[in-house]
Amino acid sequence: MKVTRLLTSTLLALGLIAGVLASPKMQVVFNKTYPASKDSDLAKVKCNVCHVKGKELNVYGKDLQKALQEKKTKDLTAEILKSIEKLDSDKDGVSNGDEIKAGALPGDPKSKPAETKPAE
Ligand SMILES: [Ca+2]
């Protein structure tokens, strides 16, 4: 009885660790595909490009998940990322690709490329 409980909690813990590790792996692919400058919104939010909090996905994350499911894979690739560039996941009028290139967040309608960027 005790052993079973220990085994269950160990498996649960391992499952949780695996769940947490899945995201950084995807983030590596994302960062390789879209190198963002360090002070952009995109670089600052890290996991929250696709996630709201923890494992919960935002609208962009959900579109990405859909693309992964269509390809029947869990391995994110640059090709899959690029396949949803033309979508406007957060419906703010700017495509995911354009938002990402500008360092804005494709899953947050409050974040989009500044229309009139002040001269630096
Ligand atoms: Ca958008």
Side-chain angles (χ1 to χ4, degrees):
M1 192 66 186
K2 232 179 182 179
V3 177
T4 314
R5 196 177 297 162
L6 182 70
L7 196 68
T8 309
S9 55
T10 307
L11 285 174
L12 247 170
L14 283 173
L16 283 174
I17 293 165
V20 171
L21 283 177
S23 295
K25 194 179 150 199
M26 287 194 166
Q27 214 193 316
V28 169
V29 178
F30 187 92
N31 291 343
K32 263 192 193 164
T33 311
Y34 304 119
S37 67
K38 270 183 195 156
D39 53 348
S40 68
D41 284 351
L42 201 60
K44 278 182 202 157
V45 298
K46 294 185 174 130
C47 313
N48 292 344
V49 174
C50 295
H51 294 264
V52 181
K53 53 182 174 185
K55 292 187 80 177
E56 201 179 318
L57 293 166
N58 65 29
V59 282
Y60 176 71
K62 281 178 186 160
D63 279 341
L64 197 55
Q65 188 182 46
K66 224 185 283 168
L68 284 166
Q69 283 166 353
E70 277 166 20
K71 292 259 178 196
K72 299 188 182 6
T73 179
K74 281 181 180 170
D75 292 321
L76 186 63
T77 62
E79 189 197 354
I80 292 170
L81 280 168
K82 284 177 180 163
S83 75
I84 62 163
E85 276 185 358
K86 288 203 170 70
L87 301 179
D88 178 11
S89 296
D90 57 11
K91 310 268 184 260
D92 61 0
V94 186
S95 72
N96 295 338
D98 285 347
E99 293 214 58
I100 291 165
K101 271 169 217 149
L105 308 176
D108 181 357
K110 291 191 292 280
S111 165
K112 54 178 169 179
E115 279 168 45
T116 50
K117 219 177 179 185
E120 283 169 40

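We count ligands from 1, going down the list as the structure has it; atoms in each ligand are counted the same way.
- Shown here are the protein N/O/S atoms lying under 3.0 Å from the Ca ion (ligand 1), water excluded: D88 OD1, D90 OD1, D92 OD1, V94 O, E99 OE2.
- With sequence neighbours left out, the side-chain hydrogen bond (donor to acceptor under 3.5 Å, both in side chains) criterion links E79 to K71.
- Side-chain contact between K91 and P109 is absent, with no heavy atoms from C-beta onward closer than 4.5 Å.
- Comment: D98 does not engage K112 in a salt bridge, judged by the lack of any side-chain N to carboxylate O separation of less than 4.0 angstrom.
- Each of L57 and Y34 belongs to its own hydrophobic cluster when Ile, Leu, Val, Met, Phe, Trp and Tyr are linked at side-chain heavy-atom distances under 4.5 angstrom.
- Looking only at side-chain heavy atoms (C-beta outward), L64 and M26 stay at 4.5 Å or farther from each other.
- Within the 3.5 Å criterion, the main-chain N or O of K53 finds no donor-acceptor partner in the side chain of N48.
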